[in-house]
Structures are given as structure tokens and as C-alpha cells.
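Right, one structure below, let's go through it.
Below, chains carry the letters A, B, ... as their sequence lines are ordered, and counting in each starts from 1.
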Amino acid sequence: MTYATTETPGGPPPGWPTTEAAATAVQDELRGRVVLDEPGPVPGEPLTVVGVDVAYDDERDVVAAAAVALDAETLDVVAEATAVGRVAFPYVPGLLAFREIPTVIAALDRLPVRPGLVVCDGYGLAHPRRFGLASHLGVLTGLPTMGVAKNPFTFRHEPPGPRRGDASPLLDGEEEVGRALRTREGVKPVYVSVGHRVSLDHACGFTLRLAREFRLPETTRAADALCRAALREA
DNA sequence: GCGACAG
DNA sequence: ATCTTGTCGC
């Protein structure tokens, strides 16, 4: 599988933004390509779900990404891939995608299966300019994507009910940009938002199916473990 | 102007 | 994200 960004062994692709102003301009331009009106893959039907995550060593200017493909029904790992690169952008809230995406796409390129859905660490639509990491990855790859974040960003929400599956809207004014979703009783919720070509209801359904035993989806847990291991060996 | 702020 | 010991609990 080869996706949008060009090949550049270690570093960011040619033309990758280097300033915050250039990066926000890219977001404003690509935002219009996000597809929000497809229900997308259906929770409970056969699917290959891919988790992606990244680990950093800013000292050495090294970033390692992992893509782990799971059978959505059994949660068995069916394929995995990693990639190592140079840090492409500093961490700036709202511009996370510019830091993670080049290496994530390199890892996806090496994955020998076609993802039916990609689950990202972080947000998609729930973003100041409605174009978070998951949205950006979706537009560049064309794949259905969604985001599951561990912390609330800048959106307000009521605490969801206490039971697994309880949810409350993440609100930007009156607009529901995502959902705080309880995956485990007595444990703080995760924050779900759509990326590309998947509905919020389905994204929440997948999150619950992927996170039965732990707070976070197995896709995220598997990708996190793998990218950390890849960073050590880099 | 001053905080807050996904990873 | 990352720096980090022990500790409580299944």
C-alpha cells in the first residue's frame, strides 16, 4: 500500500510545512476534503482494524511509528509494521498531525494488509479547525479513520454516566464534535471523534468493541507497545 | 495580555 | 509524549 506523501527516507516529505502559519494554512486547505457523510464500516461486521501510534526521542531527533492490524472480531493481530524517521514538526496543540503523520504513513506503507479502518491516538473532527490528526490521515490516505484521545482537548462536556457505554457529547458551542465515552465502569472516559468516512455512532461502536478489557482500544495498546519497542531498537 | 492545550 | 519507585489489587 502506498499513500499520498512522497518517499523521503528519514525526514519529512518535500514541502512539509515548517512554520505554524504554513501548517494551519494546509489544514484550512485540506479540511474541505474530509468526508463526513459516509456511515463507514459497521461495528460487528468482518473488518481489519489498524491502530497507529508514535513514540519520540527528541534528544536524538528520532521518531518511531507503528501500525498494527487486528481482526475486528477476534482482536487477533494479523499484521504489523514500523517505520523510523526524523521529527517533522514541534509539538504544538492543534498541529499534532504535522509531527506524526509522515512516519505513520511510512509504517502504513509497510503494512501488508489493507486497513478497513484506522484508529488514531488523538482527535479528528474535535479540533479547533475541525481537522485533527485522524482527519488529516484520512484525507492523505483515503482510508476510513477515527480518533480516540486519552484527554479532553479544549471542548466542554458533562461527565458521561458511570456505566460502560455511557457517553456525553463533546461540544464546541452547540456543535457535537465528538463524544466522551465510558469504556470501563469507574474509569475515566476516552474521547472519540470521527476522522474520515465514518460516522460518530460507528466510531463509538468500534471503540467499545476494541476496548472491552481495558480503558483504551486494543489497537491503540498494541500500536503503543510496538512503536516504543521500535524506538528502543532505533 | 494570560492561561489552556490531542501527543 | 517523556522523566520515574513503590505500591495496591486482580
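- L231(A) places its CG atom 11 Å from the C1' atom of dA1(C), with the value rounded to the nearest Å.
- Under a cutoff of 6.0 Å and an axis angle of 45°, R130(A) and Y123(A) do not form a cation-pi pair.
- The pair R221(A)-D224(A) does not meet the salt-bridge criterion, since no charged nitrogen lies less than 4.0 angstrom from a carboxylate oxygen.
- For the residue pair Y56(A) / E100(A), a side-chain donor-acceptor distance below 3.5 Å is found, with atom types taken as modelled.
- Residue L170(A) is out of contact with every strand shown, counting any heavy-atom pair closer than 4.0 Å.
- Here the C1' atom of nucleotide dC3(C) and the CZ atom of R60(A) are 16 Å apart, to the nearest Å.
- Across the protein-nucleic acid pair, D61(A) atom CG and dT2(C) atom C1' stand 16 Å apart, rounded to whole Å.
- Among the heavy atoms of the strands lying under 4.0 Å from A55(A) are primed sugar atoms or P, OP1, OP2 only; no base atom is included.
- Among the protein residues, Y56(A) comes within range of the sugar-phosphate backbone only, with heavy atoms under 4.0 Å from sugar or phosphate atoms but none that close to a base.
- Atom P of nucleotide dA1(C) and atom CZ of F89(A) are separated by 20 Å, given to the nearest angstrom.
- The residues E176(A) and R179(A) are annotated as salt-bridged, a charged nitrogen and a carboxylate oxygen being separated by less than 4.0 angstrom.
- Put simply, CD on E100(A) is 10 Å from P on dT2(C), counting in whole angstrom units.
- Backbone-only engagement by P152(A) is indicated by non-hydrogen atom pairs under 4.0 Å involving sugar-phosphate atoms exclusively.
- Between the C1' atom of dA1(C) and the CG atom of L133(A) lies a distance of 13 Å, rounded to the nearest Å.
- Looking only at side-chain heavy atoms (C-beta outward), K150(A) and V190(A) stay at 4.5 Å or farther from each other.
- The shortest distance between side-chain heavy atoms of V119(A) and V49(A) falls below 4.5 Å.
- At the heavy-atom level, G147(A) lies nowhere under 4.0 Å from the strands shown.
- Of the options T219(A), T207(A), D121(A), L181(A), a side-chain contact (heavy atoms from CB on, under 4.5 Å) to V148(A) is made by T207(A) and by none of the others.
- Where DNA chain B meets chain A (any atom under 4.0 Å from a heavy atom), the bounding nucleotides read 5' to 3' are dC5(B) to dG7(B).
- One can place CZ of F98(A) at 21 Å from P of dA1(C), the figure rounded to the nearest angstrom.
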